[in-house]
Each structure stands twice: as structure tokens, then as C-alpha cells.
There are 2 protein chains.
Amino acid sequence: MTFSTRELIVREADQIFYEKGFEAASFSDIAAAVGISRGNFYYHFKTKDDILDAVITHRLATTRAMLDDWARQSPSAVDRIMSFIQMLISNQTTIMAFGCPVGTLCSELAKLDHAARTRAAAIFGLFREWLEEQFRELGQTGNASELALHLLARSQGIATLANAFRDEDFVCTEVAALKAWLQSIIDDSSDKNRKERKNECT
Amino acid sequence: MTFSTRELIVREADQIFYEKGFEAASFSDIAAAVGISRGNFYYHFKTKDDILDAVITHRLATTRAMLDDWARQSPSAVDRIMSFIQMLISNQTTIMAFGCPVGTLCSELAKLDHAARTRAAAIFGLFREWLEEQFRELGQTGNASELALHLLARSQGIATLANAFRDEDFVCTEVAALKAWLQSIIDDSSDKNRKERKNECT
DNA sequence: GTCTATAGCCGGATAGAC
DNA sequence: GTCTATCCGGCTATAGAC
């Protein structure tokens, strides 16, 4: 597991962009973290925007890998969606300190009117499509898209307020509420299935 | 309705901080918008942080005024909460362009580790307390705080995704879902009241 | 109160030695 | 590939004329 300088730059930039924001993160910050000189940067990247592009590409890849892992680890769609929800708990500390990496990057790039805005939003797109697929597998064929966006929005709201208020209890109650919401969807759909089966009998 | 230069600076800075973010907004931007020279700034404010402080103070005041208005305009707590939800529709265009003014400022200041972070979060606090009061008036005495935070979080999530995806339909469906959620709370509580009244009779 | 001029700093980016 | 030295521009902030 040895990384090229380019890879090291991308990894450190990823972290620093998250913690300080893209604009506030300077080449000096990243150079210091990687342990190279500022000048050496330009051998690997032409501009700061190029680094951002590489970071977004990296995030797209790691996100895809994470979603694949979740899919591999749990055969049931409910458990997979639970993995997504559980992320709010496992990343609670960093979320309270810096917010959601995806949400905060997207809103910063929107304000900067930055060309990479849509590519950053594509990370959200990955979650969205993956969740949609899970809901469809749950039998929510008609409204899988709405459910996916709803869950994504709920998690974003939790991250934003967790960051603003730094309140652990809030995250826990909201995550519990999300799990209850997911459960209610399953219950509703099995109710419907039961009714349908009943109708078939009569 | 004539404003002092200081007031003009605060108003323009408020808008520009919202649209470009605090860090990316420069004195030149604000000076150009107000129509004064950059140097003149320092007669009114010592530092950029002082302007931010004034902007937050201004936002706290306008938010309080807006909440008072909502309270004055509708005698019922449900309608008041509806006014809050409706904000997502009336501000839809700017939200899709720049996100929520409060949420985006809070997350930027968190990343900058800025001293004004907690004061910015206090704007959220105003909404939170106001909503809490409305829910208490609705008879939700036990969980008014949770409901207020929940509604605040939902609206933040909607704003973040609306900004990322620029999808009008999403905002409409989520607002409809929020209204349904509010209605379900009222229904549940009147159900309970009915049961209690029934119990009194038997 | 408002201006012009400018200091001083730090950012991104370049040139060229090693 | 990595370094040092340096340019250039924009930023916040200051000084002083009007």
C-alpha cells in the first residue's frame, strides 16, 4: 500500500478541502500535509481547479466503492439502507465538526459559481441512484425515486443542524426517527401484500 | 425610508455574503454594490469580521421581525408553522441558486473555525425556539423541542438538495410531505383528545 | 464622511537549478 | 520529480488629503 505523490496530494487535498473548505484551503496547507514544496505541485497539477477535479473524481470512486461494499455485506435491501443511515452515527464526530463532505462542497461550489459544481453534485447522484435501487428492491417501484431523495434530504438536514448546534442527542433521535420511518415503509408494504393476498383468496 | 451608509453596507454585505459566501466576498464587491470607495469602509468598520458581526446582528433582527409577523398574521399555531414551511416555496429560486442563508453561513463559519460561528447558529436558535412555541401551543408539550428540530432539519435538507440538484419538483413534493407530516401530528393529537373525552364519558 | 494612494501580506502560478 | 526563488495579482488594512 504505497502511494504516488499525486495520490498523496489528492488524498490530503480531499481531507483539507473537507475541513477548511475548497477556497480557504491553500497550496501551502496541502503541501505541508503531504510534505512537499509548493512548487512541486505544478508538476502534478496545472491549477487548483485541477486538484479539485481530481478530488471529486477520487470521491466518486470511494463513494462507489463504499456503496458496493454495503451491497456486498448485506443481502437485504433494508439492511443496506440501514448502512446508509448508520453513516450519520459512525461519522458523527466529523459531521459535527465540518458537516457533510458532499453537502458542504456542493453548496460552496454553488456560491463560487464553480465549473465543478455539477460534478460534485454527481456524488449525491450516486447515493440517490443507489438508494433508489434499494427501495425498488423493497417493492417500492412507484416511488423509489421520491423515497431516495427524501432519505438523502433528511440525512443532509441532520448533518447541517448537527454541525450548527453540535448536539449529539439530536443526531441520535433523528437517526432513530429515520429508522422508524424506514420500518413504517416496510410495514405498510407488507400490509398491502397481506391485503392483496387476502383479496386473492376471496 | 433612507439609510445611513453603515446600514447600506450591512444590507449589501448581507446579500453578497449570502450569494458568494463570507470568505469569497471582498470589500471591493461590497463597495461597488454600495457605491462607495474601499477606503471608506474603515470609517464604519474596523475589520471584515466586524462587518460579519453586524450582518449577523441584522439577520437576527430581521428573523425576529419575520417570526413576529407570522405570529401576528395567523392566530392559529398550525398556520404559523405553515408559514415557515411555505418559506421554502417563496424563496425557492434563491434557495436553488445559493442554498439556505442560515445553513450555508453556519457551515462555512464552522469550516473557517470562525469566532462568529455560534452567533450565526443563534439565527437557527430563533427559528427553533419559535417553532417549539408553536408546537407547544398545538398541544405537543412533551416533544415540542424534538418536533421543532425535526422540522428545521427537514427544511435544511430540502434546501441543500434543492441547491445541489436544482430540481423544482423535488422541493414541491418535499413541501407537500412536510405539510402532510404536520397534518398527521394534528390528527394524532385530536385522536388522542377524542379518546380522552370518550374515556371521561364512560 | 468620503476620497486616493499605498502598505503589507498571502494566494496561485512560473522558471529554472538540481 | 523535487526543489528554491520569484513574479504577479488581489486581498485586507492604513495614512492622510479633502
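All chains are named by letter (A, B, ...) in the order of the sequence lines, taking the proteins before the strands, and each is independently numbered beginning at 1. Quick caveat, the model's predicted, so the values are computed rather than measured.
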- Message: Is B:Y43 close enough to C:dT2 that one of its side-chain N or O atoms is under 4.0 Å from OP1 or OP2 there?
- Response: no

- Query: Is B:K48 close enough and on-axis enough to B:F22, meaning under 6.0 Å and within 45°, for cation-pi?
  - Reply: yes

- Item | Rounded interatomic separation in angstrom, taking CZ from A:F41 and C1' from C:dA15 | 18 Å

- Task: Would you mind checking if B:D69 and B:R72 are paired as a salt bridge, meaning a charged N to carboxylate O distance below 4.0 Å?
- Result: yes

- Query: Is there any ring pair (Phe, Tyr, Trp, His ring centres under 6.0 Å) pair reaching into residues 60-89 of chain A, and which pairs are they, with sequence neighbours excluded?
  - Reply: A:W70-A:W130, A:F84-A:F127

- Message: Within the 4.5 Å heavy-atom criterion, are A:T47 and A:Y42 side-chain neighbours or not?
- Response: no

- Query: For every nucleotide of nucleotides 4-18 of chain D, 5' to 3': is a protein heavy atom under 4.0 Å from its base (B), only from its sugar-phosphate (S), or from neither (-)?
  - Reply: B-B----SBBB----

- Item | ring pair (Phe, Tyr, Trp, His ring centres under 6.0 Å) involving A:F124 - partner list, sequence neighbours excluded | none

- Cation-pi, A:F17 ring and A:R59 (6.0 angstrom, 45 degrees): no

- Using rotation axes that map the C1' atoms of four end pairs onto the next four (five pairs an end), what angle separates the end axes of the helix from C:dG1-D:dC18 to C:dC18-D:dG1, to 10°? 0°

- Sequence neighbours left out, what passes ring pair (Phe, Tyr, Trp, His ring centres under 6.0 Å) with A:F41? Give chain and number order. A:F27

- Any A:T5 side-chain N or O less than 4.0 Å from OP1/OP2 of D:dT2: yes

- Query: Listed by chain and number, what are the side chain to side chain contact (heavy atoms under 4.5 Å, CB included) partners of B:A110, not counting sequence neighbours?
  - Reply: A:N163, A:R166, B:R117

